[in-house]
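Data first, discussion second: the structure below is written as structure tokens.
From a predicted model like this one, the values you see are computed outputs, not experimental measurements. Chain letters run A, B, ... following the sequence lines, proteins first and then strands; every chain starts at 1.
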Number of protein chains: 2
Amino acid sequence: MALEHAILVSLLEQPGSGYELARRFERSIGRFWTATHQQIYRVLRRMEADGWLVAEEIGQDGRPDKRSFSVADDGRAALIAWLRAPVQPEAVRHELAVKIRGAAFTDDAGRAALIGEVERYRAEHESLLFTYMNGEKRDFPDLEHLDVGERLQHVVLRGGIAYERMLLDWLDDVLDTLRAL
Amino acid sequence: MALEHAILVSLLEQPGSGYELARRFERSIGRFWTATHQQIYRVLRRMEADGWLVAEEIGQDGRPDKRSFSVADDGRAALIAWLRAPVQPEAVRHELAVKIRGAAFTDDAGRAALIGEVERYRAEHESLLFTYMNGEKRDFPDLEHLDVGERLQHVVLRGGIAYERMLLDWLDDVLDTLRAL
DNA sequence: TCCTACATGTAATTGGTTACATGATTAT
DNA sequence: ATAATCATGTAACCAATTACATGTAGGA
């Protein structure tokens, strides 16, 4: 229900094409909201039809034309109204937790395989943490002089960093537990 | 993709009816996988047709009959195979983070409303943390004598507790940031 | 010559939510 | 009376994923 709103925020921060949005969803926005390009194009069409966005055709030589979207007044109003609505309880989908509880029903070889998988998952999230921390240094070098938008982006990034740290600690706990069974 | 597997784990821990499963999904399993009763009944029918589950009809007087499901050999094999597969990257949907970044595009009154909403969200998660901690005391009073299943259930619960603590700390950071804008 | 980046889509399917529906028992 | 709990489902809809599709430019 909130992909529209994530797109509104992103286009208010910086107008752009569907393709550019899809790339942002792979990077910064993707930290807290994921979407594929197919889904983004579909939602963009609907938002344009609803008058939330306006498109500007940009002919490029050498490259395919692109349509750069900006937020219209109706779109901004829709975002502001949504900001006042209560946060919806989130659908939790934590596959690894299901697997850990499932480990009670497999044999030693299966448990060893799960330990390997948890190690791989841990390495992935460790590198994600480093990516976040490098992004923090790169994008917020001077914490004394941030505008409103940057301060809000930074607090969201701090949340991502806190999450990854917590996750790594917990995964160490999980590994100790699995190894001690 | 993994609701089937969450159901398999739950029914291996304890056989039960669709209704009982739905209640478990509201409680313990719901901490890491949510599902409504409608969805559970639909998936149960498919799993039974695939030979993953067997049902036992239990006539009850005074109450409607119920069908108690147990995991069949094929179901157990499907779970064991799935445990060895890599954990899928999770779809991230963090609505509150979208709202926080959206706060750059609203006025003081809108920001004040968002602060109120973050406070409400924080109170919800604080009470969830207390629920987890009470559940821990109740279900794992003697940490020295846990069987394999209990040790795995406990490490997953510790993950939930670590998450909620991290979230509360971050929400305090968010509130400080929003109030200082 | 092949891969990556740029740029945009359609079609089919699956997964999940919301609304609707029924009916008995037990507790207040 | 009435609300809550037990117990099971159907139907319609919406959101999201996966597979398929097309074409150019520039670098290795």
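When each of A:Leu3 and B:Arg23 is assigned the nucleotide of DNA chain D bearing its nearest heavy atom, the one mapping closer to the 5' terminus is B:Arg23. Projected onto DNA chain C by closest heavy-atom contact, B:Arg46 and A:Glu20 fall at different nucleotides, the more 5' of which corresponds to A:Glu20.
The distance from atom CD of A:Gln38 to atom P of C:dT14 is 17 Å, rounded to the nearest whole Å. As rounded to whole Å, 13 Å separates atom C1' of C:dA5 from atom NE2 of A:His37. Atom P of nucleotide D:dT17 and atom CZ of A:Phe25 are separated by 12 Å, given to the nearest angstrom. Distance, A:Arg24 CZ to C:dA5 P: 18 Å, rounded to whole Å. The nearest whole Å value for the distance from the CD1 atom in A:Ile40 to the P atom in C:dT10 is 15 Å. Distance, B:Leu21 CG to D:dC6 P: 14 Å, rounded to whole Å. One can place CD1 of B:Ile58 at 12 Å from C1' of D:dA7, the figure rounded to the nearest angstrom. For the pair A:Glu48 CD and C:dG9 C1', the interatomic distance rounds to 14 Å; values are reported in whole Å.
Regarding contacts with the backbone of D:dT8, a side-chain N or O of B:Tyr41 is found under 4.0 angstrom from either OP1 or OP2. Contact check, B:Thr36 against C:dT18: no side-chain N or O comes under 4.0 Å of OP1 or OP2. Contact check, B:Gln39 against C:dT17: a side-chain N or O comes under 4.0 Å of OP1 or OP2. Residue B:Arg93 places at least one side-chain N or O closer than 4.0 Å to OP1 or OP2 of D:dA16. For B:Arg45 and D:dT10, the shortest distance from a side-chain N or O to OP1 or OP2 is below 4.0 Å. For A:Tyr19, a side-chain nitrogen or oxygen approaches OP1 or OP2 of C:dC6 to under 4.0 Å.
Counting atom types as modelled, B:Arg42 pairs a side-chain N or O with a base atom of C:dT17 as donor and acceptor under 3.5 Å.
A salt bridge is absent between B:Glu13 and B:Arg24; no separation between the charged side-chain nitrogens and carboxylate oxygens falls under 4.0 Å. Using a cutoff of 4.0 Å between basic side-chain nitrogens and carboxylate oxygens, A:Lys66 and A:Glu20 are scored as salt-bridged. A:Arg122 has no carboxylate O lying under 4.0 Å from a charged side-chain N of A:Glu119, or vice versa, which leaves the two without a salt bridge.
Considering NE2 of A:His37 and CD1 of A:Ile40, their distance stands at 9.0 Å, rounded to 0.5 Å.
Set against D:dA7, D:dT18, C:dT17, the side chain of A:Ala91 has C:dT17 as its closest nucleotide.
Here the shortest heavy-atom pairing between A:Arg31 and B:Val92 reads O-CG1, 3.3 Å.
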